[in-house]
Amino acid sequence: MPEKKNKNNNLFLWEQVETTDPEFTTKVNQRGGFTAIGAQYQIKNATEMFGAFGHGFGVKDEKYTPILNDTLIVYTATFFYKLDVEDSKDRSWGLNIVGEFPISSSIKVMMGNRLDDDCIKKVQTDAITKGLSRLGFNADVFMGRFDDNKYVNTNGQK
């Protein structure tokens, strides 16, 4: 377990999950351009940190609500997580991190003139990845560090 950086441990989880392997990112040239993170990569990292999806972390109370004459689906759920941490070197401190918070997303049901038959999966995945970002997962991407080629090149060499 890495050394704790923050004396009061408030950033413990964040500091464990904030760095993204550039191999699992994609540059997207839409809406002004941004870096996308592979959802399975995020789920794998969350599984490593918390345990299996549905046990150590996941969603509950899922609800899919069609709106605007069924052209848009709004997804809402409660994201939960739990983590027990004990410093293996100095067993003088431990953390029990448990929490939950609401997540949401929306998606169009149609792609042009065609029904998007993956819209349910997409809206749930989007909400889960947004939930993970609130805990610090892949914070370097969300904080704009992937806009800096020097950071990406250095991070990719680690």
Side-chain angles (χ1 to χ4, degrees), residues 1-62 64 73-90 93-108 111 116 118-158:
M1 187 67 54
E3 287 183 40
K4 59 182 178 175
K5 297 178 186 176
N6 186 350
K7 189 174 183 176
N8 67 7
N9 299 328
N10 287 343
L11 289 175
F12 176 81
L13 176 57
W14 187 285
E15 290 170 344
Q16 304 308 304
V17 299
E18 68 182 328
T19 305
T20 305
D21 183 341
E23 181 180 341
F24 298 99
T25 65
T26 305
K27 279 286 188 200
V28 178
N29 294 319
Q30 296 175 4
R31 299 181 303 213
F34 59 93
T35 301
I37 306 158
Q40 280 304 107
Y41 169 73
Q42 286 187 301
I43 302 265
K44 179 183 178 189
N45 288 338
T47 300
E48 180 181 28
M49 185 59 59
F50 302 123
F53 186 88
H55 178 71
F57 78 106
V59 294
K60 61 184 182 178
D61 305 324
E62 294 177 289
Y64 298 87
I73 291 180
V74 176
Y75 171 84
T76 57
T78 300
F79 185 96
F80 70 88
Y81 59 97
K82 52 188 169 182
L83 176 65
D84 294 321
V85 180
E86 190 173 288
D87 183 34
S88 59
K89 294 179 188 168
D90 168 6
W93 63 277
L95 296 172
N96 293 313
I97 302 171
V98 178
E100 61 180 47
F101 51 86
I103 57 174
S104 64
S105 187
S106 62
I107 192 167
K108 290 182 181 179
M111 289 178 52
D116 182 359
D118 281 336
C119 65
I120 299 296
K121 176 186 73 156
K122 289 176 183 176
V123 75
Q124 182 192 53
T125 300
D126 182 60
I128 291 169
T129 60
K130 286 177 183 174
L132 289 169
S133 76
R134 289 181 183 173
L135 298 174
F137 282 82
N138 310 105
D140 54 355
V141 171
F142 297 110
M143 293 171 73
R145 291 189 183 141
F146 268 65
D147 297 338
D148 177 0
N149 287 335
K150 186 176 178 183
Y151 174 81
V152 175
N153 292 337
T154 301
N155 193 30
Q157 294 170 5
K158 287 183 183 177

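- The shortest distance between side-chain heavy atoms of Arg134 and Phe79 does not fall below 4.5 Å.
- At distances below 3.5 Å, at least one donor-acceptor pair connects side-chain atoms of Asp140 with backbone N or O atoms of Thr20.
- Atom NZ of residue Lys130 and atom CD1 of residue Ile103 lie 9.5 Å apart, to the nearest 0.5 angstrom.
- Lys122 meets the side chain to side chain donor-acceptor pair (under 3.5 Å) test with Asp116; sequence neighbours excluded.
- Not counting sequence neighbours, Phe34 has no partner by the ring pair (Phe, Tyr, Trp, His ring centres under 6.0 Å) test.
- Residues meeting the side-chain contact (heavy atoms from CB on, under 4.5 Å) test with Ser133, sequence neighbours left out: Phe142.
- Remark: Tyr75 pairs with Tyr64 by the ring pair (Phe, Tyr, Trp, His ring centres under 6.0 Å) rule, at least two apart or across chains.
- Legend: residues meeting side chain to side chain donor-acceptor pair (under 3.5 Å) with Lys121, ordered by chain and number and at least two apart, are absent.
- Rounding to the nearest 0.5 Å gives a distance of 5.5 Å between CG of Leu135 and CG of Leu13.
- Pairs passing the salt bridge (Lys or Arg N to Asp or Glu O under 4.0 Å) check and including a residue from residues 36-57, sequence neighbours excluded, do not occur.
- For Tyr81, the ring pair (Phe, Tyr, Trp, His ring centres under 6.0 Å) criterion is met by Phe50, not counting sequence neighbours.
- Here CD1 of Ile97 is found 8.5 Å from CD of Gln16. Values are rounded to the nearest 0.5 Å.
- To the nearest 0.5 angstrom, Asn10 atom CG is 10.0 Å from Glu15 atom CD.
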Go through the steps to decide whether Phe53 and Val59 satisfy the test side chain to side chain contact (heavy atoms under 4.5 Å, CB included), and finish with yes or no.
-> CA-CA 9 Å; Phe53 186 88; Val59 294; 4.3 Å; yes

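- Remark: Thr47 pairs with Ile43, Phe57 by the side-chain contact (heavy atoms from CB on, under 4.5 Å) rule, at least two apart or across chains.
- Every residue was checked against the side chain to side chain donor-acceptor pair (under 3.5 Å) condition with Thr25, not counting sequence neighbours, and none meets it.
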Review item, side-chain donor-acceptor pairs of residues 35-42, under 3.5 Å, at least two apart:
{"from": "Thr35", "atom 1": "OG1", "to": "Lys27", "atom 2": "NZ", "distance (Å)": "3.1"}
{"from": "Tyr41", "atom 1": "OH", "to": "Asp21", "atom 2": "N", "distance (Å)": "3.0"}
{"from": "Gln42", "atom 1": "NE2", "to": "Asn138", "atom 2": "OD1", "distance (Å)": "2.9"}

